[in-house]
Amino acid sequence: MNADQSLLLYNSLSGKKEPFIPLHEGRVGMYVCGPTLYSEPHMGNMRTFINFDFIYRCFLFLGYSVKYVRNITDAGHITNSAGLEVDSIGSAARLEQLQSLEIVYKYNVKFQELQRLYNLLPPNIEPTATGHIQEQIEVIEQIFTNGFAYEANGSVYFDVKAYMQRFPYGTLSGRKVEELEHETRELNAQDEKRFFADFALWKKAQPDDMQIWRSPWGDGNPGWHIECTAMSTKYLGKQFDIHGGGMDLKFPHHEDEIAQNCGSFGCNPARYWMHANMLNVNGQKMSKSLGNFFLPKEIVEGSSPLFSKPYAASVVRFFMLQAHYRSTLDITEEALNASEKGFERLVEATGILQKIIPSDATTWDLEAWKNAAVGAILDDFNAPMLIAQLFEAVRIIHAMNIGNAQMTSEDLTDFTAFFTQLLHEVLGIEFVHQAGNERLEGVMEVMLALRQQARSQQDWATSDMIRDGLAKVGIQIKDSKEGTTWS
RNA sequence: GGUCUCGUGGCCGAGCGGCUAGGCACCGGUCUGCAAAACCGUAUACUCCGGUUCGAAUCCGGACGAGACCUCCA
């Protein structure tokens with residue numbers, strides 16, 4: 001890798017690509033907002049996790065020692081559309097007739113399955129909100145001590161007005177409090193907040209809450225944003241390198257996290273904030289409330305009404321990485337099919353690569369290609385550009401295969417290792433080999449033998465009947481010089 | 001309504017001052033009994049109108065269109 005190439009990443013705080021300078025040389029501390037376990041994550045959620053998984057893999061590839069923390073929200077005080085605090089996990093539990101612990105456990109298991117399905121590397125730590133109630137209480141106490149919180153009727157709120165005397169509020173999302181006030185609905189009469197922009201740090205227990213914890217302010221639940229502050233501090237420190245999450249968390253979640261961190265420890269928790277863009281369906285953000293979502297499992301099983309057939313998880317992952325993490329991505333069957341075809345070419349080329357015979361000279365600029373690939377990674381984790389380089393490699397593999405290009409044994413080994421590393425380790429693309437069905441294999445062997453016999457006798461009627469008949473049930477015959485295969 | 005982002009060829013999607021992104025589809029070729037598959041190759045583009053510049057998809061201004069956030073959301 002070139003020493004003069006440095007990693008650039010887009011920092012949401014500045015709105016610019018900046019050189020990445022870690023707090024501690026060679027190390028990266030990264031915190032990413034994970035799932036809320038009140039339902040199964042949908043494909044849009046998965047896109048964000050896939051993108052940050054790719055970023056994590058890039059850091060590892062570049063030789064950084066990474067501490068990757070992704071939280072699991074299993075305690076649920078968030079605000080619903082009516083502006084009232086609602087225990088969303090409790091609501092889901094009632095809906096499914098399960099206790100909250102059961103529901104959290106159930107979706108946690110599902111989420112772990114999805115991680116394996118989509119080949120997400122496990123983070124170093126996956127802390128849960130319920131496992132860190134004490135830490136959250138301690139952060140709230142610190143905010144209290146610093147004068148940025150107040151208690152009202154058993155709940156605790158962050159005092160944005162007091163905070164704004166010492167720190168700017170709204171720097172990440174570019175919002176001005178005066179403007180926000182204009183746009184926000186009136187404080188309603190029962191509201192305990194002193195100021196519209198104040199947000200809950202601790203919420204007094206409601207009669208129907210299923211999860212309740214003790215605190216100095218009475219029984220209740222932690223506020224939505226406080227778990228990230230408490231857990232990121234515990235595992236990465238008061239300030240660390242990167243904080244990531246979906247674009248839609250920018251405001252208010254991440255903005256309030258910054259306020260909490262400044263309010264308790266006097267600094268922004270992260271030096272670089274990274275936001276992954278949304279997955280769109282028909283040009284619109286995939287979301288629960290719009291109902292235009294499907295589950296990561298449905299697309300693999302082919303049970304989503306949006307698609308006429310199943311797609312392998314590795315194909316879906318590949319499709320997602322063909323778009324940059326900061327762009328919205330529209331998922332359609334046509335686009336997915338295009339990716340699937342390209343994916344198959346990549347798989348084929350990998351197979352051919354194993355059979356290439358080295359020459360005594362190399363007719364290709366291997367170093368330039370490697371630099372271009374690394375350059376794509378260094379330029380704000382540009383996965384689509386990296387994939388384009390992979391296809392450039394595919395072109396060379398075929399050229400070598402038909403004798404139009406050569407590589408020495410040494411270069412071929414180097415090339416193969418690098419190509420494989422980019423594909424499997426960096427992009428995280430695995431080729432799933434369909435579990436063979438022995439009986440079908442046997443039948444196909446007979447069919448192909450029959451067809452071959454007919455062909456050798458120039459009995460085209462019979463050979464075409466076999467070929468076309470199989471095509472009707474979705475089996476494609478592929479003739480080549482090496483013989484006939486099917487899929 | 002406010003803030004912000006974006007409009008690239010048939011589709012998806014990079015690039016973001018001069019150099020073919022890439023994938024899929026299309027078309028031509030090689031191969032084939034004919035096909036398919038595979039491989040090789042050609043073509044097609046930057047929403048519109050102004051401006052800056054020797055030069056703009058790329059910078060600036062405006063129009064139109066789309067989306068996100070402002071309320072739970074990855």
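These values consider heavy atoms only, across backbone and side chains, with no hydrogens, waters or symmetry-generated copies. Protein chains get the first letters and strands the later ones, always in sequence-line order, with residue 1 at the start of each.
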**Q** For residues Glu333(A) and Tyr311(A), is any side-chain donor paired with an opposing acceptor at under 3.5 Å?
**A**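 Side chains of Glu333(A) and Tyr311(A): pair found under 3.5 Å.
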
**Q** Output one line per pair: protein atom, nucleotide atom from nucleotides 8-11 of chain B, and distance, for all N/O pairs under 3.5 Å.
**A**
residue: rC11(B); atom: O2'; partner: Glu334(A); partner atom: OE1; Å: 3.4

**Q** Got a sec, which residues hit side chain to side chain contact (heavy atoms under 4.5 Å, CB included) with Asn280(A), two or more places apart in sequence or on another chain?
**A**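 Side chain to side chain contact (heavy atoms under 4.5 Å, CB included) check on Asn280(A) returns Met278(A), Lys285(A), Thr328(A), Asp330(A).
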
**Q** Look at all strands and tell whether Met46(A) reaches a base, only sugar-phosphate, or nothing, counting heavy atoms closer than 4.0 Å.
**A**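 If one applies the 4.0 Å heavy-atom cut-off, Met46(A) turns out to touch nothing in the nucleic acid.
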
**Q** Determine the Euclidean distance between corresponding C1' atoms of rG10(B) and rA43(B); express it in Å to zero decimal places.
**A**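 rA43(B) and rG10(B) have their C1' atoms separated by 13 Å.
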
**Q** Which residue, Ser339(A) or His398(A), contacts RNA chain B at a nucleotide closer to its 5' end, judged by nearest heavy atom?
**A**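 Nearest-nucleotide comparison on RNA chain B picks Ser339(A).
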
**Q** Hey, does the side chain of Arg345(A) come within less than 4.0 Å of rA38(B)'s phosphate (OP1/OP2), counting only N and O?
**A**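 So the side-chain polar atoms of Arg345(A) never come under 4.0 Å of the phosphate oxygens OP1 or OP2 of rA38(B).
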
**Q** Would you be so kind as to tabulate the donor-acceptor pairs closer than 3.5 Å made by side chains of residues 459-473 of chain A, with sequence neighbours excluded?
**A**
residue: Asp459(A); atom: OD1; partner: Thr462(A); partner atom: N; Å: 3.3
residue: Asp459(A); atom: OD1; partner: Thr462(A); partner atom: OG1; Å: 3.1
residue: Asp459(A); atom: OD2; partner: Thr462(A); partner atom: OG1; Å: 2.5
residue: Ser463(A); atom: OG; partner: Trp460(A); partner atom: O; Å: 3.3

**Q** With sequence neighbours left out, what residues match Asp53(A) under salt bridge (charged side-chain N to carboxylate O under 4.0 Å, His left out)?
**A**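 Testing Asp53(A) for salt bridge (charged side-chain N to carboxylate O under 4.0 Å, His left out), a comparison that skips the adjacent residues, returns Arg57(A), Arg317(A).
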
**Q** Rounded to the Å, how far apart are Glu178(A) CD and rG2(B) P?
**A**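 The distance from CD of Glu178(A) to P of rG2(B) comes to 16 Å, rounded to the nearest Å.
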
**Q** Using a 4.0 Å heavy-atom cut-off across all strands, classify Ala323(A) as base, sugar-phosphate, or nothing.
**A**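 If one applies the 4.0 Å heavy-atom cut-off, Ala323(A) turns out to touch the sugar-phosphate alone, with no base involved.
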
**Q** Touch check for Leu279(A), heavy atoms < 4.0 angstrom, all strands: base, sugar-phosphate only, or nothing?
**A**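 Contact class for Leu279(A): base.
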
**Q** Need one value for Gly44(A): base, sugar-phosphate or nothing, where a base atom within 4.0 Å counts as base even if backbone is also close, heavy atoms only.
**A**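 Counting heavy atoms under 4.0 Å across all strands, the contact made by Gly44(A) includes a base.
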
**Q** With the side chain of Lys478(A) defined as its heavy atoms from C-beta on, choose the nearest nucleotide among rA37(B), rC40(B), rC69(B).
**A**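 Selected nucleotide (nearest to the side chain): rA37(B).
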
**Q** Does the side chain of Lys176(A) get closer than 4.0 angstrom to OP1 or OP2 of rC70(B) through an N or O atom?
**A**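 Negative; the distance criterion is not met.
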
**Q** How close or far is atom C1' of rA38(B) from atom CG of Leu346(A), stated in whole angstroms?
**A**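 It is 15 Å, rounded to the nearest whole Å.
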
**Q** Distance check, P atoms only: rG2(B) and rA63(B), in whole angstrom units.
**A**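 Comparing P positions in rG2(B) and rA63(B) gives a spacing of 13 Å.
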
**Q** Using the C1' atom as the reference point in each nucleotide, state the distance between rU42(B) and rG50(B) in Å, no decimals.
**A**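 Going atom to atom, C1' in each nucleotide, I get 36 Å.
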
**Q** Shorter than 3.5 Å, N or O on both sides, protein versus nucleotides 15-20 of chain B: list them out with atom names.
**A**
residue: rG15(B); atom: OP1; partner: Asn382(A); partner atom: ND2; Å: 2.9

**Q** Side-chain N or O of Lys341(A) less than 4.0 angstrom from OP1 or OP2 on rA25(B)?
**A**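 Lys341(A) to rA25(B) OP1/OP2: side-chain N or O found under 4.0 Å.
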
**Q** Return the set of residues passing ring-ring contact (aromatic ring centres under 6.0 Å, His included) with Phe59(A) (not counting sequence neighbours), or none when no residue passes.
**A**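 By the ring-ring contact (aromatic ring centres under 6.0 Å, His included) rule, Phe59(A) matches Phe20(A), Tyr64(A), Phe381(A).
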
**Q** Report yes or no: do Ser359(A) and Gln406(A) form a side-chain donor-acceptor pair below 3.5 Å?
**A**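 No, because no side-chain N or O of Ser359(A) sits under 3.5 Å from a partner of the opposite role on Gln406(A).
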
**Q** Sequence neighbours excluded, which residues qualify as side chain to side chain donor-acceptor pair (under 3.5 Å) partners of Ser232(A)?
**A**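 Side chain to side chain donor-acceptor pair (under 3.5 Å) list for Ser232(A), sorted by chain: empty.
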
**Q** For Ser480(A) and for Leu329(A), locate the closest nucleotide of RNA chain B by heavy-atom distance; then report the residue assigned to the nucleotide nearer the 5' terminus.
**A**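 In this pair, the answer is Leu329(A).
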
**Q** Applying side chain to side chain donor-acceptor pair (under 3.5 Å), name anything that partners Lys341(A), two or more places apart in sequence or on another chain.
**A**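 Partners of Lys341(A) by the side chain to side chain donor-acceptor pair (under 3.5 Å) criterion come out as none, since no residue qualifies.
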
**Q** Do the side chains of Lys106(A) and Glu40(A) get close enough for a salt bridge, i.e. N-O under 4.0 angstrom?
**A**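 No, no charged N to carboxylate O under 4.0 Å.
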
**Q** For rU47(B) and rG65(B), measure between their P atoms and round to the nearest Å.
**A**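 Looking at atom P only, rU47(B) and rG65(B) are 16 Å apart.
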
**Q** Specify the separation, in whole Å, of atom CG of Leu336(A) and atom P of rG23(B).
**A**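 Rounded to whole Å, this separation is 18 Å.
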
**Q** My understanding is that only residues two or more places apart in sequence, or in another chain, count here; which of them pass side chain to side chain donor-acceptor pair (under 3.5 Å) with Ser339(A)?
**A**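 Here the qualifying residues are Gln322(A).
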
**Q** Could you tell me the separation between the CD1 atom of Ile475(A) and the C1' atom of rA36(B), rounded to a whole number of Å?
**A**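 Those two atoms, CD1 and C1', are 15 Å apart.
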
**Q** Using the side-chain heavy atoms of Phe391(A), tell me which of these nucleotides is nearest: rG23(B), rA14(B), rA37(B).
**A**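 Among the listed nucleotides, the one closest to the side chain of Phe391(A) is rG23(B).
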
**Q** What's Leu249(A) touching, base or sugar-phosphate or nothing? Going by heavy atoms closer than 4.0 Å.
**A**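 Sugar-phosphate: the residue Leu249(A), judged by heavy atoms under 4.0 Å, touches backbone atoms but no base.
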
**Q** Would you say Lys176(A) has more than 12 foreign heavy atoms packed within less than 6.0 Å of its NZ?
**A**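 Count not over threshold, so no.
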
**Q** What interatomic distance, in whole Å, is found between C1' of rG29(B) and the corresponding atom of rA37(B)?
**A**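 So the two C1' atoms sit 16 Å from each other.
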
**Q** Arg395(A) has an atom CZ; how far is it from atom P of rG22(B), in whole Å?
**A**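 So the two atoms are 9 Å apart, to the nearest Å.
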
**Q** Test of understanding: with side chain to side chain donor-acceptor pair (under 3.5 Å), list the residues that count as partners of Gln453(A), not counting sequence neighbours.
**A**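 Side chain to side chain donor-acceptor pair (under 3.5 Å) check on Gln453(A) returns nothing, list empty.
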
**Q** Regarding Gln458(A), tell me which of base, sugar-phosphate or nothing describes its non-hydrogen contacts under 4.0 Å with the strands shown.
**A**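 The residue Gln458(A) makes no contact with any strand.
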
**Q** If we take the P atom in both rA14(B) and rG7(B), what is their distance in whole Å?
**A**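 Nearest-Å result for rA14(B) against rG7(B) at atom P: 9 Å.
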
**Q** Can you measure Asn337(A) atom CG to rC12(B) atom P for me and round it to whole angstrom units?
**A**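 From Asn337(A) CG to rC12(B) P: 14 Å.
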
**Q** At 4.0 Å (heavy atoms only), tell me whether His253(A) reaches a base, stays on the sugar-phosphate, or touches nothing.
**A**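 Result for His253(A) = nothing.
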
**Q** Among rA21(B), rA68(B), rC72(B), which nucleotide sits nearest the side chain of Lys285(A)?
**A**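 Among the listed nucleotides, the one closest to the side chain of Lys285(A) is rA68(B).
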
**Q** List the steps, then state whether ring pair (Phe, Tyr, Trp, His ring centres under 6.0 Å) holds for Tyr118(A) with Phe49(A).
**A** CA-CA 10 Å; Tyr118(A) 283 88; Phe49(A) 302 140; over 10 Å; no

**Q** Reading RNA chain B 5' to 3', what string of ( ), [ ], | and . shows its pairs, if Watson-Crick and G-U wobble pairs count only when both distances fall under 3.5 Å?
**A** ((((((((.[[[)....(...]]]..((((.......)))).....[[[[[..)....]]]]])))))))....

**Q** If we ignore hydrogens and angles and just use 3.5 Å, is the side chain of Thr36(A) paired with the main-chain N or O of Tyr38(A) as donor and acceptor?
**A**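 Side chain of Thr36(A) to backbone of Tyr38(A): no pair is present.
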
**Q** Collect all protein-nucleotide pairs involving nucleotides 29-33 of chain B in which both atoms are nitrogen or oxygen and the distance is under 3.5 Å.
**A**
residue: rG33(B); atom: O6; partner: Ser463(A); partner atom: OG; Å: 3.3
residue: rG33(B); atom: N1; partner: Asp464(A); partner atom: OD1; Å: 3.0
residue: rG33(B); atom: N2; partner: Asp464(A); partner atom: OD2; Å: 2.9

**Q** Whole angstroms only, please: what is the CZ-P distance between Phe251(A) and rC4(B)?
**A**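 Taking atom P of rC4(B) as the reference, CZ of Phe251(A) is at 14 Å.
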
**Q** Roughly how many Å apart are rA74(B) and rC11(B), using the P atom of each and rounding to a whole number?
**A**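 That atom pair is separated by 32 Å.
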
**Q** Distance only, no hydrogens: is a donor on one side chain within 3.5 Å (strictly under) of an acceptor on the other, for Asp74(A) and Tyr107(A)?
**A**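 No - no donor-acceptor pair under 3.5 Å links their side chains.
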
**Q** Please report, rounded to the nearest Å, how far the C1' atom of rA38(B) is from the CG atom of Leu353(A).
**A**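 It is 17 Å, rounded to the nearest whole Å.
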
**Q** Expressed as a whole number of Å, how far does the C1' atom of rG15(B) sit from that of rG28(B)?
**A**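 About 29 Å, rounded to a whole number of Å.
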
**Q** Side-chain contact test, heavy atoms from C-beta onward, threshold under 4.5 Å: evaluate it for Met400(A) versus Leu412(A) and give yes or no.
**A**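 In short, these two side chains touch, coming nearer than 4.5 Å.
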
**Q** Looking only at the side chains, is there a donor atom on one of Asn292(A) and Gln284(A) sitting less than 3.5 Å from an acceptor on the other?
**A**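 No, no side-chain donor-acceptor contact under 3.5 Å.
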
